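Written below as structure tokens is the structure these notes are about.
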Amino acid sequence: MKIIVCVKRTPDTTTQIRVKPDKSGIEQDIEWILNPYDELAVEEALKLKEKNGGIVTAISLDPDANNSVLRRCLAMGVDEACLLKGGKNYDSYSVAKLLADEIKQREYNLVLFGKQAIDDDNYQVPSMVATLLDVPWVSVVTKVEVNGDSVCATRQIEGGEEIMETKFPCVISCQRGLNEPRYPSLKGIMLAKKKEIPVKEIASLPESVAVTGHEAPSPRPPGRIVGEGSGAVKELVRLLKEEAKVL
Amino acid sequence: MKDFDPDILKIDDLLTDDEKMVRDTIHQFVNKRVKPIIGKHYMEGTFPKHLIKEIADLGLLGANISGYGCAGMNNVAYGLCMQELERGDSGVRSFASVQSGLVMYPILAFGSDKQKETYLPRLAKAEIIGCFGLTEPDFGSNPAGMLTKCVKKGSKYILNGTKRWITNADIADIAIVWARNEKNEIEGFIVDKKSKGYEAREIKEKLSLRASDTGELILEDCEVPEENKLPFTQSLKSPLMCLTQARYGIAWGAMGAALDCFEEAVQYSKTRVQFDKPIGAFQMIQEKLVYMLEEIVKGQLLALRVGRLKDENKYNHAMVSLAKKNNVFQALTIARIARDILGASGITIEYNCMRHMCNLESVITYEGTHNVHTLVLGNYITGIDAFK
């Protein structure tokens, strides 16, 4: 079984994001991580490989040719990695096109993605890649079962679940609940250190989307104390319902 | 708490990418698996045994050993692991230190090929747990005086004596036991817990390292097959070499406990309001926080330098004494300060500082007391041995 996992480097969820003075993007000297949804895809690929045998390849498109997330994939147990240098992270279509062009050159049964990247939250790339590859796809998947050359995928829908069956080759995008991603083992980290990560320079496509600026969100209003003791519960619930609208 | 960087001197820049990945992996593991449960284990006085396999699966046990299924990391990466584990709890770090530095290391350094092949891969996977029996009820800082005896009888050795303050004693499948032979030399043995005449007893009434297993080994005509003797030991020098390994890890680990206390104290100082302002606005609190940060930065640089020297094979036991002595003393001081800053909250298990503080009261005593390390360094300076 040949599995390709597409992974993206995203800002750490706990890092402090600062918008560049010219508003063209965010400052880059922050902590970066493997997109958490892509981590689910890597874990699922490794589990499928452990069960059915095969080879797992991780591919990442990174304009700065930073390979840190691919190192992490290798440390988790991915067999090989490939870094595509180029592209722009904002334009979903060009990202999908560049990834699809690379995947077309490879043999694969299954291409796995995280359902979204936590930085731009576009949700578009997996389905665009599937369309460009002309293969079926299932998105927002919480369970994957492989039977010979077919795959059964459970996906979340409003108020329930939808179970879809399709044949390889196909694309699946992964949702939380699918698995619990493993930690890279220390031995894995040492082995990953010795592996080469080939870098392919790729030509960027004309941009179909232009980013005109970034704005930091307005600062959060200060908290307030609504009361003390159990007497405050009623008022708190009311405010959470009516004002914060989280209940 | 991300609005200031505790790594004020960019020590991170002195680490390689894989060293950082190792550290961050153990950091995440400790946050997710150790921190949420450790308070309960501490209160109940139990070692979190369910973590043993997870720690082994990470590849932490004997991680600085090459081969035998071990990760083969350098000593700096290994030290960073100890730092992160002890951020969780000194007891959890102690478990890993003992298995790696005091059980796997002596088998690697003084064992036969057969012993290495038999035990090291299984110890790395935690299929078997080990402990280290050197200290005795009457011989702590002075191990040379040990009373435990070994006598050869046919193809067996007969061991008699008592070992005390043994981490992992009650959960260990094998013990590395040190005993005096008829020629007055110290010999090392791999003793199976099923050996006739071997008994382990847990020491329950502890106010420190409560989430760690501590016990006593009683050897009463304990029979050990000849092939379980470590063939390449050099009397007392060998167990002391093991201690140097473990002390190295402690120098890093102590800074982990200190970091956890520091971060807790900073957080508390910024949120606890007295006299209408956060207590962090008061000069006396700021002075305390500054002291903590200074000592953490210095301690980390010290541990890192010793680690690099160890990797270059240029280190000696005096350097390790310096790092262990300084870092544990400072970590204990920092934990006490943190407890003070947290006021009444600081005495509860809801916060970590008092648990770390109580743990560090053991750490400053075990693996060479603070005083003994002082005398090791005194000897280094003057050439005069104060404890002979």
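First the proteins, then the strands, lettered A, B, ... as listed; each starts at 1. Values below: all heavy atoms of this structure, side chains included; hydrogens, waters and symmetry mates excluded. Computed from a predicted model, the values in this text were never measured in an experiment.
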Crowding at [atom1], [X] (>12 non-hydrogen neighbours, <6.0 Å):
{"X": "A/Glu228", "atom1": "CD", "result": "no"}
{"X": "B/Glu312", "atom1": "CD", "result": "yes"}
{"X": "B/Lys35", "atom1": "NZ", "result": "yes"}
{"X": "A/Leu247", "atom1": "CG", "result": "yes"}
{"X": "A/Arg176", "atom1": "CZ", "result": "no"}
{"X": "A/Lys23", "atom1": "NZ", "result": "no"}
{"X": "B/Lys116", "atom1": "NZ", "result": "yes"}

Would you call A/Lys193 and B/Asp17 a side-chain contact if the rule is heavy atoms closer than 4.5 Å?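 A/Lys193 vs B/Asp17: side chains apart.
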Name the region of B/Ile26, side chain, backbone, both or neither, that has any atom closer than 4.5 Å to a heavy atom of chain A.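 Contact with chain A: side chain only.
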If I measure from the heavy atoms of chain A, does B/Cys70 come under 4.5 Å with its side chain, its backbone, both, or neither?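 Contact with chain A involves the backbone of B/Cys70 alone.
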Contacting region of A/Arg182 [heavy-atom separation from chain B under 4.5 Å]: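 Neither part, no heavy atoms under 4.5 Å.
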Exercise: identify the closest heavy-atom pair between [X] and [Y]:
{"X": "A/Leu186", "Y": "B/Gly59", "value": "CD1-O, 3.5 Å"}
{"X": "A/Ala75", "Y": "B/Met21", "value": "CB-SD, 3.8 Å"}
{"X": "A/Tyr183", "Y": "B/Arg33", "value": "OH-CG, 4.2 Å"}

Interatomic distance, A/Arg71 atom CZ to B/Lys20 atom NZ [nearest 0.5 angstrom]: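 The CZ atom of A/Arg71 sits 13.5 Å away from the NZ atom of B/Lys20.
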Just verifying a value: how many Å separate A/Glu31 CD and B/Asp24 CG, rounded to the nearest 0.5 Å?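 Answer rounded to 0.5 Å: 7.5 Å.
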